[in-house]
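See structure below.
Because the structure is predicted, anything quoted here is derived from the model rather than measured. In the text below, chain A, chain B and the rest are named by the order of the sequence lines, each starting its count at 1.
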Amino acid sequence: MSQLATENTSNGRTILVCCGTGCQASGSLEVLASLRGLLAGEAGTAVRASTKSTGCNGLCEKGPLVKILPDDITYCQVAAEDVPDIVDGLRDGTPVQRLLYRDPVTRQRYRSHRETSFYKKQHKIALRNIGEIDPGDIRDYLDRGGYRALRTALSMTPAQVIGEVLASGLRGRGGGGFPTGRKWQSCAAADNAPRYVICNGDEGDPGAFMDRSIMEGDPHTVLEGMIICAHAVGASSGFIYVRDEYDLAVVNLHQAIRDARAAGFLGDRILGSDLSFDIEIVRGGGAFVCGEETALIASIEGHPGEPRDKYVFPAVKGLWGRPTVINNVETWANVPVIIDGGAAGFAEIGTAGSKGTKVFSLVGKVVSTGLVEVPMGATLREIVFDIGGGVPRGRSFKAVQTGGPSGGCIPGSLLDLAVDFDSLAAAGSMMGSGGLIVMDDRTCMVEVARYYVNFLAGESCGKCTPCREGISLLLETLTGITGGRGSIADLDLLESLSATVRAASLCALGRTAPNPVLSTLKYFRDEYLAHICDHRCPAGVCRELTEFYIDAGLCTGCGLCRRKCPAEAVSGEKKQPHAIDAARCIRCGECINNCRFQAVRIR
Amino acid sequence: MKIVIDGIETAASPGEMLLEVARRLGVRIPTLCYHEAFGGQGVCRLCLVEVTAGEVSRLVASCTYPVTGEIEVRTTTPEIERIRRHIIMLLHRRAPGSEFIQELYREYGCQENVPAPDPDERCIMCRLCVNACEAVGACAITAVDRGTDKRIDTPYGEASPDCIGCCACAEVCPTKAIGVSRAAGHYTIWNREFELERCAGCGRPFTSRPCQERIARLSGQELSGAQLCPECRKKQAGSRVALSMIP
């Protein structure tokens, strides 16, 4: 750290290398090592630059990302071999053209990531520091106004702090959307101290990595939010429950807690006030259901991760039966901004019922996958098409699945839906923790419902009857339909059973589990009917119900499908129309996915 | 505080479970996972009722819902009936081997013809056995695994050293799902074999040694050599009382 200190004070450039999990997987640590090596050799020359490893920048698709300040240059997909060119570029002040971001639609190159369509429409609050600071260095956080909100909060009374959070309109970002201020209020009002503060970092939705990015890339903002809450509700200890697979998050959080203690932000009499508060990390055991707050609390207590009925909220009776505030990582990241900038400014962003921004992990059949933060009320079209660049490979958009496995599928006709907690619920889906999975026309919606219900069948805790047995029967029925054994009566069973699972299950996992079934039945009923009545899968996914053939009029005889076919089922002479032998075909879809002339069709 | 259940006004103490208030009032709410000895678990969800507080109505599990304010309760509505019927249908699909569940299936008029994965299964996962095992202080069985694979078992399905062979689990099970196999002089439960101790009075085999030790410990007595079966103990106590009454 002492080396960084001298580097930071030099007047040279700062090179930020993204070392989020995504970029590390594409080799950013090698890039960083190579940069440090080359720059050491440049000591005393005109190239004066220091390096920093940062958290996730969001555009994981184009990683590893390297940013140069103050030039404001962003390089994409940098490999260690590119480093000499980057250093040369520093010497003569010209960016390396081939490494600049190229817009997937317009093919135009951009010098700074800020100019790109992926970043231009974003509004960063929770992610404000990520990618800009070294998460392992508390001074970087302090330089960007870190812990200023804590000082402000400590100069206010607890009631004033809660008043600000209430006035901001902040709602829980973990999925439920419960007003954060009200939660704090009931915890503060409940006697029976000690009170506890918990950060829910058990992000388990497939394809979601919002919370991981924040814990990895800006751990101090989570700590600061929790300390402010401790002051507001009168808590003396806090826990961060982190999903066990998030190694880097655990390492960075531990470092942050150590540094915060050393700086007097955690421990006894914080910053000379009466507040004494400390935080410890609990590693989860890998159960999806532990993201449910009562299951999470049970898990911290050492019990199996099973939820309980929430007729008395954790804010009144939570960890070890004591009043407990439990908020999601992203919610905590918003708190310092609200206290520092004031509730009024925060409440100006967003919609009437949902204030501020929301971080989404945009994945699936979309050109630019990654992490995006937009104001509440941005439309799905803006997120998927303007920011995400739309559906790749010329395919057409079919649906976007929001809210994790127990969210729903929203069709193209609702693309202009302004996304907030209430609009998504009204559309039969939910905000969840913010997963957005884009699906194209090669996606079978019955299979999508079956896939998510299968996930939930394995991840339900199995405690209550409607969830454990209901999901099992939903799965069996859906598997029957995708396997070509469905009947019209199945649709009635799916609907009425879904209503029971939704109304009778013990926790939110069960109560939302029918969403994938009900939303696909609502918006894509024709696909269910095609499976049942016509014995065909319109998307060509369900193997028992699919037959591919080649339209001789469209086939150019390029031979690509013949070469790609793993079953040697395609035959044909060069430049002559090809044909598929249905008996040999294993319905894997390689031919249709690769054909550039739309000549492979589904019967 | 005053609450209204199915139109009948009654008094409840704050924090009292709604199901218990209803039972006191004589209103029948069906349950499977509830037992007076253990309290509510909220597992089977058969005891769902509709609670209205002010303008807001919602379904709650009456066995885990503590009364905290003035509420109006409806213990049956068309929706609740559908849910109860579905729960019985789902439990019948899970445990078609249980006569008790077969009877409920007929009683509730279930019609869905859904094939059962295991025609011999009898366990409905109400967890009363786990509660009983905990109550005697053995904690030999629990709900293991998760999701649709959840089941009641000993750790790793092996004979548990914590099991005392008291058979409280089998006794409390409403569906007779816990097997106790008996042979001359011994019996087996949860894969563990126990010797049957004989009654010092009548000479009939009646329980295991670990079970006698546990009972002695729980009642704060020394376990002395001769043990009587419950029947002989009753007789002994009776004759003691009778003798004491002779002037």
Item to check | Residue part contacting chain B, namely of A/L493, when any heavy atom lies under 4.5 Å | outcome: side chain
Checklist entry - Do you know which of B/M89, B/R151, B/R82, B/R146 has the most heavy-atom pairs under 4.5 Å to chain A? => result B/R146
Item to check | Distance in Å, B/I80 CD1 paired with A/T500 OG1, rounded so as to fall on 0.5 Å steps | outcome: 11.5 Å
Item to check | Pairwise distance OG1(B/T64) to CZ(A/R308) - rounded to 0.5 angstrom | outcome: 9.5 Å
Next on the checklist: Checking the side chain of A/T465 only, and the main-chain atoms of B/C44 only, is there a donor and an acceptor separated by less than 3.5 Å?
Outcome noted: yes
Item to check | Part of B/V43 within contact of chain A (heavy atom distance under 4.5 Å) | outcome: both
Item to check | Atom CD of A/E301: over 12 foreign heavy atoms under 6.0 Å | outcome: yes
Checklist entry - Taking the side chain from A/Y311 and the backbone from B/A61, do they hold a donor-acceptor pair closer than 3.5 Å? => result yes
Checklist entry - Is it the backbone or the side chain of A/A489 that comes under 4.5 Å from a heavy atom of chain B, or both, or neither? => result neither
Checklist entry - Who among A/A499, A/C467, A/P304 has the most heavy-atom pairs with chain B under 4.5 Å? => result A/A499
Checklist entry - Highest number of heavy-atom pairs under 4.5 Å with chain A: which of B/R93, B/R58, B/R94? => result B/R93
Next on the checklist: Need one label for B/L48: side chain, backbone, both or neither, based on atoms under 4.5 Å from any heavy atom in chain A.
Outcome noted: side chain
Next on the checklist: Rounded to the nearest 0.5 Å, what separates atom OG1 in B/T148 from atom CD in A/E476?
Outcome noted: 11.0 Å
Checklist entry - Between B/L32 and chain A, which part of the residue has a heavy atom less than 4.5 Å away: side chain, backbone, both or neither? => result neither
Checklist outcome for this item: Between B/I83 and A/A504, the two heavy atoms sitting closest are CG2-CB, 3.6 Å
Item to check | A/S505 and B/R45 side chains, donor-acceptor separation under 3.5 Å | outcome: no
Next on the checklist: Heavy-atom count check: over 12 atoms from other residues, nucleotides or ligands less than 6.0 Å from A/F421 CZ?
Outcome noted: yes
Next on the checklist: Would you say that B/L90 contacts A/L497 through its side chain, given a criterion of any heavy-atom pair below 4.5 Å between the two side chains?
Outcome noted: yes
Item to check | Residue among A/C461, A/C464, A/G470, A/G458 with most heavy-atom pairs under 4.5 Å to chain B | outcome: A/C461
Item to check | OH (A/Y451) with more than 12 external heavy atoms under 6.0 Å | outcome: no
Checklist entry - So which of B/R127, B/Q41, B/M125 actually passes side-chain contact (heavy atoms from CB on, under 4.5 Å) with A/K463? => result B/R127
Checklist outcome for this item: Honestly, the part of A/V312 sitting under 4.5 Å from a heavy atom of chain B is side chain
Next on the checklist: Tell me whether the count of non-hydrogen atoms from other residues, nucleotides or ligands lying under 6.0 Å of CD in B/E103 goes above 12.
Outcome noted: no
Checklist entry - Take atom CZ in B/R24; do more than 12 heavy atoms of anything else shown fall under 6.0 Å from it? => result yes
Checklist entry - Does atom CD of B/E36 have more than 12 heavy-atom neighbours from other groups under 6.0 Å away? => result yes
